[in-house]
Enquirer: 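So that we are looking at the same thing, I have put the structure below in structure tokens.
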Amino acid sequence: MVSKQVFLFSLGSLYLSLLFVFLLMDVYARPANNSALKDKPVDNKDENEIMPPDHLNGVKMEMDGHLNKEFHQEVFLGKEIEEFDEDSEPRRNRRKLAAIFSKVDRNKDKKISSQEMQRWIMEKTEEHFQEAVKENKLHFRAVDPDGDGQVSWDEYKIKFLASKGFNEKEVAEKVKNNEELKIDEETQEVLDNLKDRWFQADNPPADKNLNEEEFLSFLHPEHSRGMLKFMVKEIIRDLDQDGDKKLTLSEFISLPMGTVENKQAQDIDDEWVRDRKKEFEEVIDANHDGIVTMEELEEYMDPMNEYNALNEAKQMIAVADENQDHHLGLEEILKYSEYFTGSKLMDYARNVHEEF
């Protein structure tokens, strides 16, 4: 019996030894990285510091032409938007929403007019602007290590590729010597788009360098009229199917790439068409001629347009104005909290009177 146990133990030891040898062989047999310049995993933090954000707070349309689904919450809550979520305690959220109502109601008549809402929207939009300016100082410092207040395109390109996992020293050396960089097709496409955007942000006289203010325009085109025009051109270019630099309703509501594979996807596509049709006809197409020009889209996307802010205020009031007095009361805002905050306040009917 003992000899059988010894035999089994020896067999197990032999198996483990062989397994260890095979693992070592596998490690040394693995192919080297195809890109000689890549030497580390992508650091998303570094990339986020220097890449223009996909989403712009307080702007009605995304960079890719999609409607900003959180726009109402962003211009109503400002920086406090992160404090409202489905997991928050409903009673706490109601109290915060009541506090916001009190701030919007400047004349303290216990109702919000379109002018009061307009003023609030402008203040919250400015709040998002100032947050972007604050973040930009940190991001500019990340690409301007020598602190001379100027960043060249080559300096930015090196930092960008480093954030993508390329060896920064090797890339810098190749850029300095004007040598070819071996970059995959997807990264090169992103780099080309960033280069176009970089030169658009370079105010005259163009010197291929960006200062801190120009870098802010590069990251946040909503801060610059010229960059806002560039952003609009990019969106129209992506949606315009006949090349006339204008958008028809059919072009604007065209479904994104992909096919409808199931009922859920069909519902999503139906919602996409319905939302964009409504926005095109009621808001973007200002003269209602069935065509959206670059000028109309630019006015629509300008976050500091006071006329747009007033229209937005009227729309927001209309959503929750149950008594049709063209004002919002606290109970109306609490009842339609999901529209204003993105978070549904549970047990509204039971709790609103006892708290307020």
Side-chain angles (χ1 to χ4, degrees), residues 52-76 114 117-118 121-122 124-125 128 193 220-260 263-321 326 336 338-340 342:
D54 293 327
H55 176 76
L56 302 173
N57 287 330
V59 179
K60 282 193 164 188
M61 193 174 284
E62 308 285 9
M63 302 286 287
D64 60 5
H66 287 60
L67 298 179
N68 179 2
K69 292 290 188 180
E70 298 180 353
F71 177 74
H72 304 303
Q73 292 97 320
E74 289 169 357
V75 296
F76 184 72
S114 56
M117 185 68 87
Q118 176 197 28
I121 288 171
M122 296 297 290
K124 295 295 105 177
T125 302
H128 287 303
N193 290 334
H220 289 271
E222 77 275 22
H223 281 259
S224 159
R225 196 73 189 182
M227 285 300 290
L228 192 63
K229 287 180 183 289
F230 174 72
M231 183 176 169
V232 167
K233 285 180 182 177
E234 292 287 290
I235 290 173
I236 287 185
R237 183 197 67 186
D238 291 341
L239 299 178
D240 179 21
Q241 296 172 8
D242 59 10
D244 64 353
K245 298 181 181 179
K246 300 174 185 177
L247 295 179
T248 62
L249 175 60
S250 62
E251 288 173 328
F252 190 73
I253 66 174
S254 292
L255 293 171
M257 294 298 291
T259 56
V260 177
K263 178 67 168 62
Q264 186 179 9
Q266 179 66 61
D267 291 342
I268 293 172
D269 288 345
D270 289 345
E271 183 183 3
W272 162 279
V273 171
R274 185 171 60 251
D275 290 349
R276 291 179 75 85
K277 183 176 188 294
K278 185 174 186 292
E279 196 74 5
F280 183 98
E281 294 177 339
E282 297 181 11
V283 186
I284 309 176
D285 182 15
N287 61 2
H288 303 293
D289 65 349
I291 299 290
V292 166
T293 63
M294 285 194 181
E295 292 74 22
E296 284 176 319
L297 190 56
E298 186 180 334
E299 289 301 309
Y300 167 78
M301 292 187 63
D302 182 4
M304 294 307 291
N305 184 319
E306 292 189 11
Y307 178 73
N308 280 353
L310 180 59
N311 279 340
E312 188 62 34
K314 291 177 179 177
Q315 286 181 48
M316 291 173 78
I317 289 173
V319 167
D321 184 19
H326 306 293
Y336 288 84
E338 193 167 9
Y339 175 79
F340 292 102

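All of these numbers come straight from a predicted model, not from anything done at the bench.
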Enquirer: Under the salt bridge (Lys or Arg N to Asp or Glu O under 4.0 Å) rule, collect the residues that match up with Asp302, sequence neighbours excluded.
Expert: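 Once residues adjacent in sequence are excluded, the partners of Asp302 under the salt bridge (Lys or Arg N to Asp or Glu O under 4.0 Å) criterion are Arg225.
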Enquirer: Residues in ring pair (Phe, Tyr, Trp, His ring centres under 6.0 Å) with His223, at least two apart?
Expert: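 Expected list: Phe129, His220.
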Enquirer: Under the salt bridge (Lys or Arg N to Asp or Glu O under 4.0 Å) test, which residues partner Asp64, sequence neighbours left out?
Expert: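 With sequence neighbours excluded, Asp64 shows a salt bridge (Lys or Arg N to Asp or Glu O under 4.0 Å) to no residue whatsoever.
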Enquirer: For Phe280, give me all partners under ring pair (Phe, Tyr, Trp, His ring centres under 6.0 Å), at least two apart in sequence or on another chain.
Expert: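 With sequence neighbours excluded, Phe280 shows a ring pair (Phe, Tyr, Trp, His ring centres under 6.0 Å) to Phe252, given in chain and number order.
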Enquirer: Roughly how far apart are Ile317 CD1 and His326 NE2, rounded to 0.5 Å?
Expert: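 Going from the CD1 atom of Ile317 to the NE2 atom of His326 covers 10.0 Å.
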Enquirer: Identify, with sequence neighbours excluded, every residue that meets salt bridge (Lys or Arg N to Asp or Glu O under 4.0 Å) alongside Glu251.
Expert: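 If we apply the salt bridge (Lys or Arg N to Asp or Glu O under 4.0 Å) test to Glu251, skipping adjacent residues, there are no hits.
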Enquirer: Does anything in residues 310-319 form a salt bridge (charged side-chain N to carboxylate O under 4.0 Å, His left out)? List the pairs, not counting sequence neighbours.
Expert: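 Residue pairs passing salt bridge (charged side-chain N to carboxylate O under 4.0 Å, His left out), neighbours aside: Lys60-Glu312.
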Enquirer: By side chain to side chain donor-acceptor pair (under 3.5 Å), which residues pair with Asp240, not counting sequence neighbours?
Expert: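 Counting only residues at least two positions away or on another chain, Asp240 forms no side chain to side chain donor-acceptor pair (under 3.5 Å).
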Enquirer: Do Asn305 and Glu299 have side-chain N/O donor and acceptor atoms under 3.5 Å apart?
Expert: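 Asn305 vs Glu299: donor-acceptor pair found between side chains.
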Enquirer: What I want to check is whether the side chains of Asn68 and His66 have a donor and an acceptor closer together than 3.5 Å.
Expert: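 Result is no, nothing qualifies.
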Enquirer: Return a table of donor-acceptor pairs under 3.5 angstrom between the side chains of residues 227-235 and protein atoms on other chains or two or more places apart.
Expert:
from: Lys229; atom 1: NZ; to: Glu298; atom 2: OE1; distance (Å): 3.3
from: Glu234; atom 1: OE1; to: Arg237; atom 2: NH2; distance (Å): 3.3
from: Glu234; atom 1: OE2; to: Arg237; atom 2: NH1; distance (Å): 3.4

Enquirer: Of all residues at least two apart in sequence or in a different chain, which pass the ring pair (Phe, Tyr, Trp, His ring centres under 6.0 Å) check with Phe71?
Expert: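 By the ring pair (Phe, Tyr, Trp, His ring centres under 6.0 Å) rule, Phe71 matches no residue at all.
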Enquirer: Which residue pairs satisfy the salt bridge (charged side-chain N to carboxylate O under 4.0 Å, His left out) criterion with at least one member in residues 282-296, sequence neighbours excluded?
Expert: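 Passing the test, one end in residues 282-296: Lys278-Glu282.
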Enquirer: With a 6.0 Å cut-off (strictly less than), is the heavy-atom count around CG of Asp54, excluding the residue itself, greater than 12?
Expert: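 Atom CG in Asp54 is not packed in, count stays at 12 or less.
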Enquirer: Test of understanding: with side-chain contact (heavy atoms from CB on, under 4.5 Å), list the residues that count as partners of Lys277, not counting sequence neighbours.
Expert: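 With neighbours one apart ignored, the set is Leu249, Ile253, Glu281.
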Enquirer: Hey, could you give me each pair passing ring pair (Phe, Tyr, Trp, His ring centres under 6.0 Å) that has a residue in residues 288-315? Not counting sequence neighbours.
Expert: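 Residue pairs with at least one partner in residues 288-315: there are none.
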Enquirer: Can a cation-pi geometry be assigned to Arg274 and Trp272, taking NZ or CZ under 6.0 Å from the six-membered ring centre and within 45° of the ring axis?
Expert: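 No, Arg274 does not lie over the aromatic ring of Trp272.
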